[in-house]
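Atom set for the values below is all heavy atoms of this structure, side chains included, hydrogens, waters and symmetry mates excluded. Since the structure is predicted, the reported quantities are computational estimates derived from the model, not experimental observations.
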Amino acid sequence: MAGIRAFIAVAAATIGVLLLAGCSGKPDAPVPTATASSPASTPSPSASAEPLSTVDAILVGGDGLHLQHGEETVALLDYRADAAKTIASLTAVLGAPTSTSEAKGTNHTVPATLTEFGGLRIIDHHYGAPVTYDYLVTPAWSVVLSAPAVGEVALGTTVGVAVGEPYENAKPLVGSGHSSFIMPDGSQESWILVELSPGSPEIEGGSVGVLVAARPWPGPISWISAPAMLGGA
């Protein structure tokens with residue numbers, strides 16, 4: 001757990017490369033393209049092209065991205081599902097990605113492909129060995145929001161907060177607390193966990209779910225990421 005907490009602090013210094021899953025595997029070994037076992041099945045609404053054309057909001061939850069039309073969930077893009085399918089669904093909603101880049105692995109992160117849709121980033125993790133995708137240690141992909149909308153599609157969380165809102169609007173879970181990190185420029189970045197991923201314990205320094213952050217603190221909210229672990233202060 002100490003490696004993962006250290007990873008969260010490192011990731012906080014560069015928005016978007018928040019790779020919870022990076023602390024699994026062998027960081028110093030050559031890392032080939034990810035090969036995974038079949039992702040666990042999960043009940044979700046259809047993600048065919050026609051209903052996706054009606055999506056007017058994308059909400060980050062502990063279990064995945066909820067594609068919404070008003071109050072209706074049109075599709076759930078599960079963190080355990082194939083990243084390519086997730087990107088295809090988002091392309092149907094948001095249009096073509098604005099950029100794609102590769103992130104090298106470090107002592108705390110695995111290599112990843114970063115696909116940008118304006119203020120929404122998908123991080124496709126490349127593990128060094130076959131893994132079974134899960135929410136807590138080895139998600140197939142993770143997401144970072146850095147804007148309140150992409151075009152006319154609103155971005156936010158299933159608990160009702162979004163980038164740009166006052167940081168105090170984000171309410172921490174009981175026991176999840178508040179963590180912070182002093183940046184190289186002396187500013188403070190702070191983050192709290194607002195929703196748990198399925199199966200996550202609710203403990204200080206070990207809960208996994210939706211992180212809401214302010215950089216610099218005290219806000220407003222500057223980024224949202226999931227699934228991610230709440231690190232120590």
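- Residues passing the side chain to side chain contact (heavy atoms under 4.5 Å, CB included) test with Glu165 are Val161, Ala162, Asn169, Ile221, sequence neighbours excluded.
- Inspection of the His125 and Thr138 side chains reveals no N or O donor paired with an N or O acceptor under 3.5 Å.
- Checked by atom type, the side-chain pair Ser207/Glu202 shows no donor-acceptor distance below 3.5 Å.
- The minimum heavy-atom distance between Thr73 and Gln68, with the atom names listed, is OG1-OE1, 2.7 Å.
- Between Ile192 and Ala170, the shortest heavy-atom contact is CD1-O, 3.0 Å.
- For the residue pair Ile87 and Thr115, the shortest heavy atom distance occurs at CD1-OG1, 3.5 Å.
- Taking the salt bridge (Lys or Arg N to Asp or Glu O under 4.0 Å) definition, one finds that Glu195 meets it with nothing, sequence neighbours left out.
- Take Ser187 and apply the side chain to side chain donor-acceptor pair (under 3.5 Å) test, not counting sequence neighbours, and it matches Asp185.
- In this view, Ala213 and Trp191, Trp223 satisfy the side chain to side chain contact (heavy atoms under 4.5 Å, CB included) rule, not counting sequence neighbours.
- The hydrophobic cluster containing Leu59 does not contain Leu90, counting ILVMFWY residues as joined when their side-chain heavy atoms lie under 4.5 angstrom apart, directly or transitively.
- Residues Gly64 and His66 approach most closely at O-CD2, 3.4 Å, considering heavy atoms.
- Without hydrogens or angle criteria, Thr157 side chain to Val60 main chain gives no donor-acceptor distance under 3.5 Å.
- Smallest separation of non-hydrogen atoms from Ala228 and Leu211: CB-CD1, 3.7 Å.
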I'd like a table of donor-acceptor pairs (distance under 3.5 Å, sequence neighbours excluded) in which one partner is a side-chain atom from residues 148-156, with atom names and distances.
none

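- A salt bridge (charged side-chain N to carboxylate O under 4.0 Å, His left out) check over residues 106-118, counting only residues at least two apart or in different chains, returns the pairs Glu116-Arg121.
- Without hydrogens or angle criteria, Trp141 side chain to Ala81 main chain gives a donor-acceptor distance under 3.5 Å.
- Distance alone, capped at 3.5 Å, places no donor-acceptor pair between the Thr109 side chain and the Gly105 backbone.
- Without hydrogens or angle criteria, Ser200 side chain to Ser197 main chain gives no donor-acceptor distance under 3.5 Å.
- For the residue pair Asp78 and Tyr133, no side-chain donor N or O sits within less than 3.5 Å of a side-chain acceptor on the partner.
- Here OG of Ser225 is found 6.0 Å from CD1 of Ile123. Values are rounded to the nearest 0.5 Å.
- Put simply, the side chain of Thr106 gets close to the backbone of His108: a donor and an acceptor are under 3.5 Å apart.
- Taking each heavy atom of Pro201 and Gly206 in turn, the nearest pair found is CG-O, 3.7 Å.
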